[in-house]
Each structure stands twice: as C-alpha cells, then as structure tokens.
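Here is the structure we will look at, set down as structure tokens.
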Amino acid sequence: MFEVSPLLAIGVGAVAVGLTAAVLIVWRDLGPMARLSAPQRVALVVALAGGVLAFGLKLTVIETLTHASRDRLAPTLTEIEPAAEADGGIETGRPVWEALPSEAPAPAGNPTTPAKVALGRALFFDPALSRDGTLTCASCHDLERAGGADGRPTARGIDGRIGPRNTPTVYDAAFQARLFWDGRARSLEEQALGPIVNPIEMGADLTVVVERLKARADQVAGFAAAFGPEAPIDARRIAEALAAFERTLITADAPFDRFVRGEPSALTAQQIRGMSLFETVGCIVCHAGPGFSRASLLAPEKGSSAFRLFPSLSSDYTEKYRLTEDLGAAGGGRAGLWRVPSLRNVALTGPWFHNGSVDDLSEAVRIMATVQAGRVVTDGKVETRVAWSPETRRLTRRTPRPLAEAEVADIVAFLKALTSDRLAIEAARSARAEGM
Ligand code: HEC
Ligand code: HEC
C-alpha cells in the first residue's frame with residue numbers, strides 16, 4: 001500500500017508553495033522593478049525554481065533513506081535462527097509477529113466509560129444474575145485462577161448441572177469477532193445475556209433479574225452513574241455494562257508480548273524454536289495475528305474465515321477424545337465446524353478443546369499437529385504410505401512429514417510464553433494456597 005509520509009507531504013507542499021512564490025515575486029515585484037523583459041523574467045523564475053526543486057529533492061532523499069533503514073531493522077526475528085527454509089510445512093509467507101494492543105476497541109453504540117466498567121464489574125460478580133443466587137459469571141470465569149476459565153472439562157451450572165462444553169476464558173475475548181466455541185455470537189453485547197438465561201448455566205429469567213436489580217440501591221446507583229439517572233435498568237444495559245467490563249480484561253503482558261516489543265531475553269531459546277515451529281508447521285495459518293486466532297479482530301483478515309473443520313483429518317484421536325460427538329456450527333457430517341479459538345493464556349485454561357476432553361497441553365498440540373496440520377508425531381521411523389489406484393493403475397506414495405516429540409515440547413514451551421505474567425503469578429499463588 002502506498003503511504004504518504006508526513007515528511008514527503010511537507011516536501012511536496014513546500015516545493016509547490018516555493019514555486020508559486022517565485023513566479024509571483026519575479027512577475028509582480030522583481031520583474032517590473034528591474035525592468036526585465038519577459039524572457040529574462042522566465043530565466044530568473046527557472047533559476048529560482050531550480051533552488052526550490054533541489055530543496056524538495058533533498059527532503060525526498062532523506063525520507064527514502066530513513067524508510068530503507070526502517071525496512072532493514074524489521075526482519076530481526078529471522079536473524080535469530082537463519083531464515084527458516086520452510087521444512088515442508090504449509091507455506092505461510094513471512095508472518096510479522098505483533099504484540100497484543102493493551103486496549104480493546106468498543107462499538108460506537110457502547111463506548112467504554114469508567115462508570116460503565118465499574119457497573120459491569122459489579123454485575124459480573126453479582127449472584128442476583130442467577131436463578132437461585134448461587135452463581136455469578138465469575139463462578140465459571142475465575143479471573144484469578146484458571147486464567148479466566150474454570151479448570152473443569154465442561155461447565156458446571158445451576159443445580160450442579162454439567163454442561164456439554166468447556167468454559168473458555170473471558171480474558172481477551174474482547175478481541176474476538178466471534179464468540180462461543182461455535183462462534184454463534186458476534187459481539188460481547190450479544191453474548192452477555194446468553195449465560196444468564198441458559199437453563200444449565202445461570203438459569204434465570206431476565207425480567208426477574210431486572211426487577212431484582214431495580215430493588216437494590218447499589219445497582220440503581222451504578223446504572224444511574226453509567227447510563228444517566230433517567231435511563232431505566234433493562235436487559236440491554238446489563239449486556240452493555242458487562243461487555244464494557246469485559247473489554248478491560250486484556251492481557252498484553254505475556255513474555256511473547258515483551259519479546260516482540262523489544263525484550264529479546266523474554267523468551268527462552270526453546271520458546272523461540274517453538275515460535276518458529278508454530279510458523280513452519282502451519283499453526284499460524286489458523287491461530288493468526290496477535291490474538292492467535294483467525295476469528296480475532298486483530299487477525300490479518302479481521303475475523304473472516306473464523307471457522308475451521310475440526311478434526312479436519314481422520315485419526316485415532318477422534319474416537320479416543322470423542323471429538324465429533326458435538327459438531328459445533330456444522331449441520332452434520334464427519335467433522336465439526338468450530339471457531340478458531342485464541343491461544344492467549346492457553347496454558348492456564350485447560351482441559352482443552354470444546355469438550356474439555358484433553359487434560360495435557362502436549363497431547364492437545366499432538367492432536368492439532370496431526371489432525372489440523374497433517375503431521376505425524378513420532379520419535380521413531382516414519383513409514384511411507386503407498387496407495388494403489390485400480391482406475392489409474394498408479395501407485396501414489398506419501399511419506400508423512402514427521403514432527404519429533406522434542407518439537408512438540410518446543411511448541412508447548414512457546415504456548416506457555418502466551419501466558420500473561422500477572423495471571424501466571426495469580427495462578428501460582430492460588431496453587432500454593434490450595435497446597436497448604
Ligand atoms: C455455568 C458456567 C458459566 C457461567 C455462570 C457463565 N459462563 Fe460464560 N461461558 C461458559 C461456557 C461453557 C461458555 C462456552 C459455551 C459455548 O461455547 O457454547 C461460555 C462462554 C462465554 C464467553 C465467550 C468467550 C469466547 O471466547 O467465546 C464469554 C465472553 C462469557 N462466557 C461471559 C460470561 C458472562 C459475562 C457471564 C455472566 C453473565 C458468564 N459468562 C457466565 C460458562 C459460563
Ligand atoms: C486448520 C486450522 C488449525 C490449525 C492449522 C491449527 N489449529 Fe489449533 N485449533 C483450531 C480449531 C478450529 C480449534 C478448536 C477445536 C475445538 O473446537 O475443540 C483449535 C484448538 C486448539 C487448541 C485448544 C484451545 C483450547 O482453548 O482448548 C490448541 C492448544 C491449539 N489449537 C494449538 C494448535 C497448534 C499448536 C497448532 C499447530 C501444531 C494448531 N493449533 C494448528 C484450528 C487450527
């Protein structure tokens with residue numbers, strides 16, 4: 001894309017103004033004063049214009065040189081490991097790694113204000129949002145432990161009812177263009193009322209919840225501060241306040257973020273190897289951009305192609321972890337259709353996958369490498385597969401591309417670098433407290 005840099009714009013502007021001034025001065029002042037003939041005036045203008053153009057040329061040269069040096073600084077990452085010869089993985093071009101922004105964008109209709117955030121926080125922790133006052137949003141989305149999730153395979157809702165899906169984290173959800181495992185909600189506002197009325201989550205009735213909040217002085221004051229004293233408490237405003245609060249749950253403080261912002265020691269050598277494998281094995285094709293998800297507003301294509309078949313290749317894992325019992329957004333068929341989830345804080349949010357069936361992150365990576373990236377995870381020999389086609393009377397031979405267990409460990413190490421420093425400390429503190 002062509003970008004007009006400020007310096008270049010000033011240069012072109014200065015040349016235009018200078019030339020106009022030269023013509024005017026020569027014609028209206030100098031010319032008549034010195035009684036110059038028309039050809040003499042033209043000659044004088046040309047002489048002056050030469051000076052002005054030389055000045056413009058200088059600016060352009062300076063600008064081009066600074067641009068070139070900026071481009072030279074950019075590929076420092078590839079210098080850490082000599083430019084990766086794509087090892088047969090999916091060709092991705094050279095992705096640029098970026099840190100997570102520290103603020104999430106808010107929709108025009110629901111600007112983030114401190115009063116709204118405070119109200120949203122109060123609602124997030126308010127048991128009045130559940131049918132029998134036993135659950136809050138934080139019961140399942142623990143903001144201190146479990147990285148904004150609940151550490152359970154699948155959610156446990158009202159009356160202890162176990163739901164069908166794993167609880168994803170609310171951290172950085174503000175960057176997702178699609179929410180829920182199957183991507184059925186398009187905004188936090190749209191998502192927020194779902195769990196309140198879901199019969200196996202909070203199981204409440206929205207009109208009852210609104211009446212309860214109207215009877216509470218603290219909540220009435222909170223709504224008045226957030227939306228104005230005239231605005232009634234209603235479901236839409238509950239959703240807006242919850243969404244505004246969730247937009248503040250951003251974790252831009254992972255070692256990965258520090259690394260790409262210019263702190264080379266933030267990642268270990270193993271994590272940098274894992275980062276490179278993440279690219280060459282093709283994880284980055286789906287888990288793209290600083291949100292590590294194609295469904296992210298930050299992904300190169302801004303949340304388009306947010307869905308993927310999972311499992312997209314057949315393997316023994318499908319049966320072992322019941323990966324196709326729930327088909328997500330797919331109407332039917334062999335594999336489910338799922339939103340590509342973010343991998344931020346993924347080391348804290350296990351067990352993994354939509355059904356929480358895998359409780360070991362290395363196993364989750366093996367599964368992904370096998371069924372999504374077409375690799376064979378092995379430490380031994382890789383057997384060539386030969387297929388015979390009776391129609392064409394040809395043999396086709398395929399040697400699966402192996403991924404060593406040590407490389408799986410490298411990728412896992414990299415995924416751990418996506419954990420927020422603050423959440424890692426909280427998680428360690430609560431693990432110690434539980435151990436006591
Ligand atoms: C009983 C546990 C439970 C409670 C209580 C709960 N949630 Fe959830 N939450 C879940 C589960 C499970 C999902 C995933 C459901 C799915 O994908 O079908 C989810 C998904 C989400 C998501 C989407 C995250 C993403 O990346 O897609 C957000 C945001 C969220 N919940 C916010 C809230 C808010 C706000 C509340 C309180 C009003 C709340 N949750 C209450 C279990 C819960
Ligand atoms: C073709 C797209 C695609 C590729 C390639 C891909 N993933 Fe995924 N990934 C997904 C989808 C879709 C899911 C959600 C699966 C589900 O619904 O359970 C997922 C889920 C995950 C999860 C579990 C997240 C959670 O919160 O439970 C991890 C971890 C993961 N991927 C890591 C990787 C790694 C590492 C690679 C490279 C080896 C990779 N992925 C390659 C699409 C992909």
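Order of listing sets the numbers, starting from 1, for every ligand and every atom in it. Residue numbers run from 1 in the order of the sequence given.
Separation of atoms OG1 (T169) and NE2 (H141) is listed at 8.0 Å; rounding is to 0.5 Å. Between the CZ atom of F353 and the CG atom of D326 there is a distance of 14.0 Å, given to the nearest 0.5 Å.
With ligand atoms numbered from 1 in the order given, ligand 1 contributes 38 (C) to contacts under 4.0 Å with heavy atoms of I196. Against a heavy-atom cut-off of under 4.0 Å, F310 is close to the following atoms of ligand 2: 15 (C), 16 (C), 18 (O). The G282 neighbourhood of ligand 2 comprises atoms 5 (C), with distances under 4.0 Å to a heavy atom of that residue. For ligand 2 and L343, the ligand atoms under 4.0 Å from any heavy atom of the residue are 22 (C), 28 (C), 29 (C), 30 (C), 32 (C). Atoms of ligand 1 lying under 4.0 Å from at least one heavy atom of L179, given by number and element, are 25 (C), 27 (O). The contact set between ligand 2 and P341, taken as ligand atoms under 4.0 Å from a residue heavy atom, comprises 11 (C), 13 (C), 14 (C), 19 (C), 20 (C). Each of the following atoms of ligand 2 lies closer than 4.0 Å to a heavy atom of I411: 35 (C). The E246 neighbourhood of ligand 1 comprises atoms 29 (C), 32 (C), 35 (C), with distances under 4.0 Å to a heavy atom of that residue. Atoms of ligand 1 lying under 4.0 Å from any heavy atom of L188, numbered from 1 in the order shown and given with element: 29 (C). Shown in contact with F353 at under 4.0 Å from a heavy atom are these atoms of ligand 2, numbered in order with element: 15 (C), 18 (O), 20 (C), 21 (C), 22 (C), 23 (C), 25 (C), 27 (O).
For the ligand labelled ligand 1, residue L135 lies outside the 4.0 Å heavy-atom shell.
In this structure, the side chain of T136 does not engage the main chain of F125 through any donor-acceptor pair within 3.5 Å. Between the Y317 side chain and the L323 main chain, no donor and acceptor come within less than 3.5 Å of each other. Under a 3.5 Å cut-off, the side chain of D257 and the backbone N or O of L100 do form a donor-acceptor pair. Using a distance-only test at 3.5 Å, with no hydrogens or angles considered, a donor-acceptor pair links the side chain of E407 to the main chain of A404. Panel note: side chain E279, backbone V285; no donor-acceptor pair is recorded below 3.5 Å.
Residue-level proximity to ligand 1 for R156 is carried by the backbone, the only part with a heavy atom below 4.0 angstrom. Contacts between C283 and ligand 2 below 4.0 angstrom, taking non-hydrogen atoms only, involve backbone and side chain alike. For H287, every heavy-atom contact with ligand 2 shorter than 4.0 Å involves the side chain, none the backbone. For T136, every heavy-atom contact with ligand 1 shorter than 4.0 Å involves the backbone, none the side chain. At a heavy-atom distance under 4.0 Å, only side-chain atoms of W181, from C-beta outward, approach ligand 2. Contact annotation for V285 and ligand 2: no heavy atom of the residue comes within less than 4.0 Å of the ligand. Counting heavy atoms under 4.0 Å from ligand 1, residue H354 does not touch it at all.
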**OP:** Go through the steps for R429 and E426 under the test salt bridge (Lys or Arg N to Asp or Glu O under 4.0 Å), then give the verdict.
**Re:** CA-CA 5 Å; R429 189 182 299 149; E426 302 272 15; 3.6 Å; yes
Original post:
How far apart are the C-alpha atoms of R236 and E189, what are their side-chain angles, what is the distance that settles it, and do they pass the salt bridge (Lys or Arg N to Asp or Glu O under 4.0 Å) test?
Top reply: CA-CA 8 Å; R236 185 171 62 89; E189 282 79 359; over 6 Å; no
**OP:** Kindly determine whether D150 and R145 satisfy salt bridge (Lys or Arg N to Asp or Glu O under 4.0 Å), including the steps that lead there.
**Re:** CA-CA 8 Å; D150 57 7; R145 282 166 301 172; over 6 Å; no
**OP:** Begin from the C-alpha positions of F307 and R294 and carry the test side-chain contact (heavy atoms from CB on, under 4.5 Å) through to its verdict.
**Re:** CA-CA 8 Å; F307 295 88; R294 274 229 163 266; over 6 Å; no
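Of the protein's non-hydrogen atoms, the one nearest atom 16 (C) of ligand 1 is F180 CD2, 3.4 Å. Among all protein heavy atoms, the one lying closest to atom 25 (C) of ligand 1 is R339 NH1, 3.4 Å.
By the side-chain contact (heavy atoms from CB on, under 4.5 Å) test, E190 pairs with A185, R186, S187, sequence neighbours left out.
Residue contact annotation: Q372 places no N/O/S atom under 2.8 Å from atom 8 (Fe) of ligand 2. Put simply, C286 stays out of reach of atom 8 (Fe) of ligand 2, with no N, O or S atom under 2.8 Å from it.
Annotation: R121, atom CZ; neighbour count of heavy atoms from other residues, nucleotides and ligands within 6.0 Å does not exceed 12. Atom CZ of R334 sits in a sparse spot, with 12 or fewer heavy atoms from other residues, nucleotides or ligands closer than 6.0 Å. Around CD of E405, the count of heavy atoms belonging to other residues, nucleotides or ligands within 6.0 Å exceeds 12.
For a threshold of 3.5 Å applied to N or O pairs, the pair formed by S342 and ligand 2 contains no separation below that value. Residue I200 places no N or O, backbone or side chain, under 3.5 Å from any N or O of ligand 1. Geometrically, ligand 1 and R184 share a nitrogen or oxygen pair separated by less than 3.5 Å. Backbone and side-chain nitrogen or oxygen atoms of W352 are examined, and none is located within less than 3.5 angstrom of a nitrogen or oxygen of ligand 2. Between N166 and ligand 1, no pair of N/O atoms sits closer than 3.5 Å.
Annotation: cation-pi geometry not satisfied between R344 and F292 (NZ/CZ under 6.0 angstrom from ring centroid, within 45° of ring axis). Cation-pi geometry between R184 and F180 is satisfied (NZ or CZ under 6.0 Å from the ring centre, within 45° of the ring normal).
Between S420 and the options T251, N345, D253, a side chain to side chain donor-acceptor pair (under 3.5 Å) holds for only D253.
Looking only at protein N/O/S atoms, the ones less than 2.8 Å from atom 8 (Fe) of ligand 1 make 1 in total.
Ring-plane geometry between H354 and W338 is classed as parallel, the angle between the planes falling under 30 degrees on a 0 to 90 degree scale with a further cut at 60.
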